[in-house]
2 protein chains.
Amino acid sequence: MESKNAIEALAALAQEGRLAAFRLLVKHAPDGLPAGEIAERLEMPPSTLSTNLSILARAGLVSATREGRSIRYRADMSGMAALLAYLMEDCCGASPALCDPVISKVTCC
Amino acid sequence: MESKNAIEALAALAQEGRLAAFRLLVKHAPDGLPAGEIAERLEMPPSTLSTNLSILARAGLVSATREGRSIRYRADMSGMAALLAYLMEDCCGASPALCDPVISKVTCC
DNA sequence: CTTTTATTTCTATATTTCTCGAAATATGGA
DNA sequence: TCCATATTTCGAGAAATATAGAAATAAAAG
């Protein structure tokens, strides 16, 4: 991951509505939820939610697949893990042995 | 951790200069670096760096201690772990057993 | 007590981001 | 085809954030 991608992901999460949406999808991993249900649970206008989900998607933190009329969103745990890996890179100038296992387990479920 | 704190931390990291500073301090954990050296390495004007470090500090991601004329900054790995825990909370609606060990190891060094 | 070095606070401008109604697009069913 | 449902795209004003020079503060040394 490069700085630009990491900043995009962090900025995507650094906003109340998007953070709530992402966390909701993390709780519902790996199945995800349709956009309409997310909007309903978070009491967010559909257009606002849509904008926010597309920002999370561009950042690699969620993925979307159409299911009939609705679109199902899922948390992308590998995107999350890549972000964490970037933040922890060369942690303590130490050997990778210490931190790598932590990061690889973020995709635990 | 609450939403407000998490957003503060994420927003703090979602900016090129601050992300670079934080990652530099992660690499130099647990000893940290004096502000001047950070500014020099990142080629950032001291006033800009100072503003940025104070934003990271308020977000609980770095700590500062005076050492004579200079001020030493350190990455706060427990703040990092708290942020990760918040992002992964109730991951997959699953038992904590799966994800908790991952998070507690972020303070690996 | 004056000077030098290290860092912060203040301030103003420039830039970016957020929100959500209205209109547009996509899908499935009558 | 025509309609209802689900979601996205557009647009523009309001709000938040970034930057860095200049002035202020803190500490050490002469």
Side-chain angles (χ1 to χ4, degrees), chain A residues 3-25 28 31-76, chain B residues 3-25 28 31-76:
Chain A
S3 168
K4 284 266 161 63
N5 310 131
I7 288 166
E8 194 174 11
L10 291 162
L13 293 171
Q15 199 267 356
E16 195 173 1
R18 286 194 298 268
L19 181 57
F22 178 74
R23 295 215 315 148
L24 182 59
L25 290 174
H28 287 266
D31 294 345
L33 291 171
E37 192 168 339
I38 302 172
E40 203 173 294
R41 294 205 196 199
L42 303 181
E43 300 179 73
M44 201 181 293
S47 74
T48 303
L49 177 72
S50 176
T51 302
N52 282 335
L53 285 174
S54 78
I55 289 169
L56 286 167
R58 259 192 287 115
L61 292 167
V62 306
S63 62
T65 49
R66 182 172 279 279
E67 280 183 8
R69 267 181 288 209
S70 58
I71 298 183
R72 175 171 295 266
Y73 282 86
R74 291 176 177 79
D76 183 337
Chain B
S3 168
K4 283 266 162 64
N5 309 132
I7 288 166
E8 193 173 11
L10 290 161
L13 292 171
Q15 199 267 358
E16 195 173 2
R18 287 194 297 268
L19 182 57
F22 178 75
R23 296 216 314 149
L24 183 59
L25 291 175
H28 287 267
D31 294 345
L33 291 171
E37 193 169 339
I38 302 173
E40 203 173 292
R41 294 203 195 199
L42 303 181
E43 300 179 72
M44 200 182 293
S47 75
T48 303
L49 177 72
S50 177
T51 301
N52 283 335
L53 286 174
S54 77
I55 289 169
L56 286 167
R58 259 191 289 114
L61 292 166
V62 306
S63 61
T65 48
R66 184 172 277 280
E67 279 184 8
R69 268 181 288 208
S70 58
I71 297 183
R72 176 171 294 263
Y73 282 87
R74 293 176 176 81
D76 183 336

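Bear in mind that the values here come from a model prediction, so they are computed numbers and not experimental data. In what follows, every chain begins at residue 1, and chains take the letters A, B, ... in the order their sequences are listed.
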**Complete:** In 5'-to-3' order, the base (B), backbone-only (S) or no-contact (-) status of each nucleotide in nucleotides 4-16 of chain D, using a 4.0 angstrom heavy-atom cut-off, is BBSSBB-------

**Message:** Any residue in residues 12-25 of chain B with a heavy atom nearer than 4.0 angstrom to DNA chain C? Just list them by number, or reply none.
**Reply:** none

**Atom pair distance, as rounded to whole Å: CZ in B:Arg58 and P in C:dT9** = 10 Å

**Asked** What integer distance in Å separates A:Met44:CE from C:dG21:P?
**Response** 13 Å

**Item:** Euclidean distance, atom CG of residue B:Leu42 to atom C1' of D:dA20 [Å, nearest integer]
**Value:** 16 Å

**Complete:** Between B:Ala14 and A:Ala11, the two heavy atoms sitting closest are CB-N, 3.4 Å

**Prompt:** Taking B:Arg66 for the side chain and B:Gly68 for the main chain, is one N or O donor matched with an acceptor at less than 3.5 Å?
**Reply:** yes

**Complete:** Interatomic distance, CD1@A:Ile7 vs CG@B:Leu19, rounded to 0.5 Å, equals 5.5 Å

**Asked** When the distance from CG of B:Leu10 to P of D:dT17 is rounded to whole Å, what number comes out?
**Response** 13 Å

**Item:** Worked verdict on A:Glu37 versus A:Arg41 for salt bridge (Lys or Arg N to Asp or Glu O under 4.0 Å)
**Value:** CA-CA 6 Å; A:Glu37 192 168 339; A:Arg41 294 205 196 199; 2.7 Å; yes

**Request:** Look at the side chain of B:Arg18 and the backbone N and O of B:Leu56, then say whether any donor-acceptor pair between them is shorter than 3.5 Å.
**Result:** no

**Fill in**
Rounded to the nearest 0.5 Å, the CZ atom of A:Arg74 sits from the NE2 atom of A:His28 at a distance of 13.0 Å

**Prompt:** How long is the span from the CD1 atom in B:Ile38 to the CG atom in B:Asn52, to the nearest 0.5 Å?
**Reply:** 11.0 Å

**Message:** Please determine whether the number of non-hydrogen atoms from other residues, nucleotides or ligands lying under 6.0 Å from atom CD of B:Glu43 exceeds 12.
**Reply:** no

**Euclidean distance, atom CG of residue B:Asn52 to atom C1' of D:dT17 [Å, nearest integer]** = 11 Å

**Asked** Whole-Å distance between D:dA28 P and B:Glu67 CD?
**Response** 11 Å

**Asked** Tell me: CD1 of A:Ile55 to P of C:dC20, nearest whole Å?
**Response** 13 Å

